[in-house]
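Single-structure report; data block below.
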Amino acid sequence: MSLKGLLGNIDTEALSGAVSKGAPLLGSLIGTPATGAAIGMIAKALGTDANPESITQKLERDPEATAKLQNLENEHQQTLTRMVLEAESVRLGEVNKTMRAEAASNDAFVRRWRPTYGYLTAAAWFIQMTGFTVILGVVAFRSPGELAAVVGALGAVLSALLGLWSIALAVLGINVHKRSQDKQVAAGQAPKAGFMDAIVKRVGG
């Protein structure tokens with residue numbers, strides 16, 4: 001049975017959350033390529049049908065169900081850890097596949113959206129800082145007595161914008177890193193393995 005057919009209309013996040021209350025490793029597998037195997041193990045431990053609806057009902061109605069999942073996870077912790085890492089490896093593979101597709105795309109926007117974001121972020125920063133500088137210059141020249149109040153007001157505006165700029169600059173940093181990987185892919189080089197890749201390789205042998 002396919003993953004889509006297995007899950008049906010069940011909210012996978014809700015099912016994962018319900019399972020994670022007693023077995024976080026098992027819960028983290030719900031919604032990944034290892035969903036079928038995880039559901040099979042859960043169903044066997046709970047003595048129910050291997051479908052999300054039956055499992056959800058069992059967890060809601062049987063007060064001992066959570067303890068059973070805890071025992072299952074404790075007994076098979078090494079196997080479940082390997083499954084989690086393998087699922088993460090598959091996810092990283094899909095990310096790299098998407099990156100390769102972007103790098104090879106003939107569409108100019110797909111290939112250039114990261115540099116465009118960088119240019120727009122830099123332009124927005126420049127415009128904002130230039131505006132603040134002009135305001136301070138005009139106030140200092142025409143109304144020096146109000147300079148302190150204006151500086152305080154601009155400081156409040158900067159504080160309000162700090163959260164937005166933190167997000168924007170964080171995204172920019174990620175884009176710069178991904179752009180470097182794009183260039184490696186375009187040059188026929190495999191991107192350097194990340195932290196999770198190293199863990200998967202070590203655990204998987």
Side-chain angles (χ1 to χ4, degrees), residues 7 9-32 84-85 87-187 189-200:
L7 295 177
N9 295 323
I10 297 296
D11 185 346
T12 56
E13 292 187 4
L15 178 60
S16 175
V19 173
S20 295
K21 292 178 180 179
L25 284 177
L26 276 168
S28 68
L29 290 172
I30 305 298
T32 74
V84 169
L85 293 174
E88 179 66 11
S89 180
V90 171
R91 187 190 69 81
L92 291 174
E94 291 299 319
V95 170
N96 287 335
K97 185 186 297 184
T98 300
M99 289 169 53
R100 289 193 294 270
E102 286 184 2
S105 175
N106 292 322
D107 184 85
F109 181 77
V110 172
R111 287 185 287 108
R112 298 173 182 170
W113 78 268
R114 290 192 181 107
T116 300
Y117 178 85
Y119 293 138
L120 291 176
T121 301
W125 181 266
F126 175 78
I127 292 171
Q128 176 181 287
M129 292 298 104
T130 300
F132 287 170
T133 301
V134 170
I135 291 172
L136 290 174
V138 171
V139 172
F141 180 75
R142 295 187 175 181
S143 305
E146 299 179 6
L147 184 59
V150 172
V151 170
L154 292 179
V157 173
L158 284 174
S159 297
L161 294 174
L162 182 61
L164 293 176
W165 274 114
S166 297
I167 296 173
L169 294 177
V171 172
L172 179 61
I174 294 172
N175 286 345
V176 170
H177 174 67
K178 292 300 183 182
R179 180 61 175 168
S180 298
Q181 290 186 331
D182 285 349
K183 291 180 178 179
Q184 290 180 335
V185 172
Q189 302 173 1
K192 294 181 180 179
F195 176 73
M196 185 57 69
D197 293 315
I199 294 178
V200 171

Side-chain donor or acceptor of T121 paired with backbone N/O of Y117 under 3.5 Å
yes
Distance-minimising heavy-atom pair for S28 and V84
OG-CG2, 3.5 Å
Between atom CD of Q128 and atom CG of L154, what is the distance when rounded to the nearest 0.5 Å?
10.0 Å
Atom pair CD1 (I167) and CG (L172), whose distance is rounded to the nearest 0.5 Å
13.5 Å
Minimum heavy-atom separation for L29 to A87, with atom names?
CD2-CB, 4.5 Å
List the atom of W165, the atom of W125, and the distance in Å for their closest heavy-atom pair.
CH2-N, 3.4 Å
Heavy-atom closest pair, residues G27 and S20
CA-OG, 3.2 Å
Would L164 and L161 count as a side-chain contact (heavy atoms from CB on, under 4.5 Å) here? Give the steps.
CA-CA 5 Å; L164 293 176; L161 294 174; 4.2 Å; yes
